[in-house]
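Notes follow once the structure below has been shown.
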Amino acid sequence: MSSQIDKFERLKDRNLEAEEGGGPDRIDRQHAAGRKTARERIDVLVDPGTFVELDKFVVHRSHDFGMENNKFSGDGVITGYGKIDGRLIYVFAQDFTVLGGTMSRANADKIVKIMDLAMKMGAPLIGLNDSGGARIQEGIESLAGYADIFYRNVMSSGVIPQISAILGPCAGGAVYSPALTDFIVMVKETSYMFVTGPDVVKAVTHEDVTKEELGGASTHHAKSGVANLTADNEDHALLMIRELIGYLPSNNLEEAPTVETKDDIHREVANLNGLVPDDPNKPYDMKELIVSIVDDKNFFELQPAFAMNMIIGFARFGGKSVGIIANQPASLAGVLDINSSVKSARFVRFCDAFNIPLVTIVDVPGFLPGTAQEYGGIIRHGAKLLYAYAEATVPKITLITRKAYGGAYDVMSSKHIGGDINYAFPSAEIAVMGAEGAVKIIHREKMNEEQLAQKIEDYREKFANPYKAAELGYIDEIILPSQSRFKIIQALEMTRNKHKTNPLKKHGNIPL
Ligand code: HXC
């Protein structure tokens with residue numbers, strides 16, 4: 001009979017064996033490819049010493065294709081819980097060194113277990129993806145495992161934040177678990193996501209495309225909008241996730257944590273008085289305004305290279321998290337188009353689901369005209385943003401810096417769709433359209449240059465300002481740019497206990 005000491009030794013050996021993953025050769029290959037192992041990634045992600053691993057000794061149960069002789073403790077995924085800045089999170093990390101990190105039934109069961117725990121305990125779920133996809137030897141059992149995960153991704157949506165990092169291959173149907181989560185972080189040059197790989201693309205469409213071009217970080221960052229964040233390397237990706245978690249509540253019943261700041265809530269920003277150019281056609285950088293008014297100049301931007309005419313991201317005012325949505329006059333004049341509408345609509349809905357107030361900064365000339373937009377369905381996609389703002393019940397603070405024209409005025413968190421406090425700068429132009437366009441439509445008669453200029457000036461004087469909207473109560477207060485920080489904080493404080501519910505229904509029917 002073995003002694004207690006022997007039993008303890010056995011446990012130690014089993015632990016060591018599990019921690020070896022696919023063995024030194026596989027680990028070397030992983031490192032040579034510029035990728036960390038699953039355990040190394042978890043070490044960077046969570047606070048030191050806080051990770052607790054579950055199901056370390058789970059093995060697959062397959063007997064086909066000689067798999068009964070090809071078993072590894074943990075079966076290619078590491079699962080458990082830990083802390084980020086002292087707050088509980090659940091994590092799974094696919095271990096590419098073990099059977100390519102592929103999804104087996106046992107492997108899926110491990111992920112499902114921590115997903116269920118994350119829901120029960122109300123804590124975020126973070127998935128570190130690096131996998132060859134469905135474990136081919138297991139066939140349908142693997143597909144069933146994926147679907148069990150997809151189902152839980154959907155049930156968890158809007159209840160706990162879900163974040164996916166793509167740190168290697170993620171292909172085929174496997175892409176849909178990250179796609180169902182709230183945020184996707186990719187790493188430049190070492191990660192890729194696609195529904196069908198380059199070989200299938202070549203066979204079906206005769207296109208020659210590399211993995212990087214088809215589904216690398218740069219593609220999903222700038223072209224498809226699938227990735228919310230792009231990191232230079234894996235450590236950067238994992239640190240971005242830590243930072244992101246700091247802006248979020250653990251679940252939909254909580255508020256995001258307050259982060260102490262020394263940044264004075266009354267701080268005036270004098271140089272903002274000169275930011276908005278007199279000429280309405282001249283661009284300026286909206287990020288300058290955002291960065292200069294938020295706490296400690298910290299703006300955590302999402303999707304910075306996709307639909308750059310709309311800026312979205314998290315920041316804090318007086319230590320409290322907000323979601324910022326802002327038109328960017330420096331890109332396509334800040335116009336609303338398909339991509340910018342979809343980008344911001346999804347962000348508005350995330351913030352609303354997780355009790356994060358919305359601060360909307362408006363300088364928008366309207367919707368982008370053209371067949372590409374109309375054929376692409378700008379009507380349907382623009383409606384998403386309108387819908388998202390109208391249904392959002394969190395505090396909604398709006399600041400119009402310059403243009404708020406036409407339907408885009410209504411869409412961008414206007415008073416009429418539930419803006420709680422709507423500010424405007426004295427430079428705001430709240431009108432059906434720009435002065436020049438308006439005059440050309442109203443006055444069809446022939447005019448010389450001078451007459452036209454006069455009419456435009458008259459129109460501008462009368463309508464291209466915030467006073468008509470303020471007279472009607474659509475703008476609550478006209479403020480100086482330099483006061484922006486304090487005025488937004490004042491509005492956020494006033495709305496802190498906002499409690500609004502929408503009519504009871506199964507769910508609405510957002511124009512998808
Ligand atoms: C079983 C797999 C595997 C898979 C990789 N491996 N993919 N085992 N099922 N899907 C194994 C390899 O045999 C190898 O095992 C180890 O993982 C590492 O793989 P390598 O090929 O050596 O690595 P690399 O050269 O880096 O190439 C990685 C790869 C390639 C690009 C991912 O392995 C690949 O193309 N795999 C097939 C991908 C695929 O077709 N997946 C199924 C997609 S369908 P050894 O024993 O040598 O270490 C799918 C459906 C999901 O996923 C549906 C959800 C609804």
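Atoms within a ligand are numbered from 1 in the order they appear, just like the ligands themselves. For reference, positions follow the sequence shown, starting with 1.
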Which ligand 1 atoms are under 4.0 Å away from a heavy-atom of [X]?
| X | result |
| --- | --- |
| Gly133 | 52 (O) |
| Gly132 | 7 (N), 10 (N), 32 (C), 38 (C), 39 (C), 41 (N), 42 (C) |
| Leu99 | 17 (O) |
| Leu143 | 53 (C) |
| Gln137 | 1 (C), 9 (N) |
| Tyr192 | 31 (C) |

Verify whether the ring centers belonging to [X] and [Y] lie closer than 6.0 Å.
| X | Y | answer |
| --- | --- | --- |
| Phe354 | Tyr247 | no |
| Tyr192 | Phe194 | yes |
| Phe350 | Phe183 | yes |

Quick one: does ligand 1 sit under 4.0 Å from the side chain of Thr102, the backbone, both or neither, non-hydrogen atoms only? side chain

Per-atom contact, [atom], protein heavy atoms, under 4.0 angstrom:
| atom | result |
| --- | --- |
| atom 44 (S) of ligand 1 | no |
| atom 33 (O) of ligand 1 | no |
| atom 13 (O) of ligand 1 | no |
| atom 10 (N) of ligand 1 | yes |
| atom 21 (O) of ligand 1 | no |
| atom 30 (C) of ligand 1 | no |

Do [X] and [Y] pair up side chain to side chain, a donor and an acceptor below 3.5 Å, judged on atom types alone?
| X | Y | value |
| --- | --- | --- |
| Glu212 | Thr210 | no |
| Glu40 | His31 | yes |
| Thr102 | Arg135 | yes |

Nearest-neighbour protein heavy atom for [atom], which is reported as residue plus atom name and distance:
| atom | result |
| --- | --- |
| atom 25 (O) of ligand 1 | Arg29 NH2, 4.3 Å |
| atom 52 (O) of ligand 1 | Ala134 N, 2.9 Å |
| atom 16 (C) of ligand 1 | Gly100 N, 3.8 Å |
| atom 47 (O) of ligand 1 | Arg26 NH2, 2.8 Å |
| atom 24 (P) of ligand 1 | Phe96 CZ, 4.3 Å |
| atom 55 (C) of ligand 1 | Phe150 CE1, 3.7 Å |

Quick note, salt bridge (charged side-chain N to carboxylate O under 4.0 Å, His left out) partners involving residues 352-380, not counting sequence neighbours, are Asp363-Arg402

Any carboxylate oxygen within less than 4.0 angstrom of a Lys/Arg side-chain nitrogen, looking at Asp130 and Arg41? yes

Check this for me: does any side-chain nitrogen of one of Asp75 and Lys110 sit under 4.0 Å from a carboxylate oxygen of the other? no

Contacts of type side-chain hydrogen bond (donor to acceptor under 3.5 Å, both in side chains), residue Lys287, not counting sequence neighbours: Glu301

Proximity flag Tyr176 to ligand 1, non-hydrogen atoms under 4.0 Å: no

Going by heavy atoms, is Gly172 under 4.0 Å from ligand 1? no

Shortest non-hydrogen separation from Leu238 to Leu128 and the atoms involved: CD2-CD2, 3.9 Å

Does NZ or CZ of Arg26 fall inside the cone over Phe96's six-membered ring, less than 6.0 Å from its centre and within 45° of the axis? no

So, Thr97 side chain and Gly22 main chain: donor-acceptor pair closer than 3.5 Å or not? yes

